[in-house]
Amino acid sequence: MAYAESKSLGRRGLVLGALGGAAAFGLSACGPDDDSTGRTPQRSRQPTTREFKTAGGTTVEIPVRPRRVVCTSYQMAAPLLDVGYTPAAAAEIPNLETFISGDVLTKYQALPSIGSWVEINIEKVLAAKPDLILVNGVPGYTDPLMKEYPKIAPALVLMAEKTSDWTKVAIQAADAVGRKAEAEKLRTQYTERAAGLERDYADVLERTKWSMLYEVSYGEGQWSLLYPDGWIGVILQDIGVRFGHATIGKTGTGKAYSLEQLTLIDDSDVIVAQADNTGALVKPMRALTGKPGWENLQAVKEEAVFPMPNFYTVSYSSALAVLDTLEGILTKLRSRAS
């Protein structure tokens, strides 16, 4: 771990450095202003902090208007970029272009780094001089630096019980930087657009069943099946997609399978598969091409396998991009049937 391995700055030095920096800032920014008579003028003081209550019930005192926010994952940073707030620094995510695309990807990749998301460098966090740290919360996992973050700045854990909870976390993250209204406006735009697709393409949605495939993240296998609780699963639900029998009613993010188990999705008329920001299928999806189990699938035979960028959607701008992709797919399906 980067913190434990640090030789140039010990634990005590990190903490004292953070407190010292804060004190210095306080003296330069908040010192009294004397008028010409030498008296300190009376001013009404606006609150500089507020209490923020997380979905888990924890209350954290955070700045009313945080100026330098550090994010430990793209799940925290992407919603901020959505509402025009640029974090001071964020964790590096390998192959992020296979997760999201568009302006959010470009802006995220330009952010100063605090190290890999699996091994945050606490010295880089300190160097970013944050006044708020947003931490991605995952059930059953505690960030190993969680005890150190509050020594530098208020640390807010935004918990996602399931991967489709990005719909809630995106609003919470924007709220933490004082831009909840902007996030809610984006959510309304998304909701109205999704409802429009459900209405306008009801005929196509009624006669098709869908499956969502992505690379294996956990367990063994050659492909994974995303469930309705997964990242883009909630988006497909919102437009009224009917899922294949291996997906419908399932909970959790998804499950990894072997090539021999591709028959599980043979009832699907449409397959959307994880793609990168250019629209090209990711390597594990391309590797399925030519395999007997793959070529025999109904959707493959009907050329109804479609690349899906932004597969790991965590913000409403990415969700709107997914809706764009879905509309393109629905248009093609309708034209083929006519």
Side-chain angles (χ1 to χ4, degrees), residues 14-15 17-33 40-91 103-104 107-108 110-114 120 122 124-137 143 145-146 148-160 166-189 314-317:
L14 279 171
V15 177
L19 294 176
F25 178 82
L27 287 172
S28 61
C30 304
D33 292 328
T40 302
Q42 297 298 313
R43 295 181 180 180
S44 60
R45 292 182 178 273
Q46 296 296 324
T48 58
T49 63
R50 66 181 174 116
E51 291 188 343
F52 190 101
K53 190 172 183 179
T54 68
T58 302
T59 299
V60 179
E61 189 170 339
I62 67 172
V64 171
R65 295 181 181 84
R67 297 180 181 277
R68 297 189 60 80
V69 177
V70 164
C71 301
T72 66
S73 74
Y74 86 110
Q75 290 96 324
M76 300 294 100
L80 301 191
L81 294 170
D82 265 7
V83 295
Y85 186 101
T86 302
D103 287 344
V104 171
K107 291 175 180 177
Y108 189 95
L111 295 175
S113 169
I114 55 169
I120 302 294
I122 198 68
K124 290 185 176 181
V125 173
L126 186 63
K129 300 179 180 178
D131 55 5
L132 178 63
I133 301 172
L134 294 184
V135 183
N136 183 42
D143 189 312
L145 294 175
M146 197 57 232
E148 307 304 328
Y149 296 143
K151 299 173 184 177
I152 299 173
L156 194 57
V157 180
L158 301 182
M159 180 65 69
W166 64 262
T167 55
K168 303 173 185 176
V169 171
I171 303 298
Q172 294 170 3
D175 185 13
V177 298
R179 301 199 181 184
K180 184 178 181 180
E182 291 91 330
E184 289 179 333
K185 184 178 179 180
L186 262 181
R187 179 172 61 184
T188 298
Q189 184 182 346
V314 294
S315 71
Y316 280 103
S317 68

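Just the heavy atoms: all of them, side chains too, but no hydrogens, waters or symmetry mates, feed the values below.
- With a 4.5 Å cut-off on side-chain heavy atoms, V177 and L80 count as touching.
- For the pair T72 (side chain) and N136 (backbone), a donor-acceptor distance under 3.5 Å is present.
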Legend entry - Verdict with supporting geometry, V135 and I133, side-chain contact (heavy atoms from CB on, under 4.5 Å): CA-CA 6 Å; V135 183; I133 301 172; 4.0 Å; yes

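- Taking the side chain as every heavy atom from C-beta outward, M159 and T54 never approach each other to under 4.5 Å.
- Between M76 and L158, some side-chain heavy-atom pair lies under the 4.5 Å cut-off.
- At a threshold of 4.5 Å between non-hydrogen side-chain atoms, the residues V125 and I120 count as touching.
- Among all heavy-atom pairs drawn from P63 and D131, the shortest one is CG-O, 3.3 Å.
- V64 approaches P47 most closely through the heavy-atom pair CG2-O, 3.5 Å.
- R50 meets the salt bridge (Lys or Arg N to Asp or Glu O under 4.0 Å) test with D175; sequence neighbours excluded.
- Put simply, the side chain of R187 never gets that close to the backbone of I171: no donor and acceptor are under 3.5 Å apart.
- In this structure, the side chains of T58 and K53 stay at 4.5 Å or more apart for every pair of heavy atoms.
- With rounding to the nearest 0.5 Å, the separation of CG in L81 from OG in S315 is 8.0 Å.
- Listed here is the closest heavy atom pair of I114 and V70: CD1-CG1, 3.7 Å.
- With hydrogens and angles left out, the side-chain atoms of D143 and Y149 include a donor and acceptor closer than 3.5 Å.
- Rounding to the nearest 0.5 angstrom, the gap separating the CD atom in E61 from the CZ atom in F52 is 13.5 Å.
- Using a 4.0 Å cut-off between charged side-chain N and carboxylate O, K185 and E182 make no salt bridge.
- How far SG of C71 is from OH of Y108: 7.5 Å, rounded to the nearest 0.5 Å.
- In plain terms, the two heavy atoms of L111 and P87 that are nearest each other are CD2-O, 3.5 Å.
- In terms of heavy-atom proximity, G137 sits nearest to V157 at CA-CG1, 3.7 Å.
- The minimum heavy-atom distance between Y316 and D82, with the atom names listed, is N-OD2, 3.0 Å.
- Taking CG of L126 as the reference point, atom CD1 of I152 lies at 5.0 Å (rounded to 0.5 Å).
- When only modelled atom types and interatomic distance are considered, E51 and T59 share no side-chain donor-acceptor pair under 3.5 Å.
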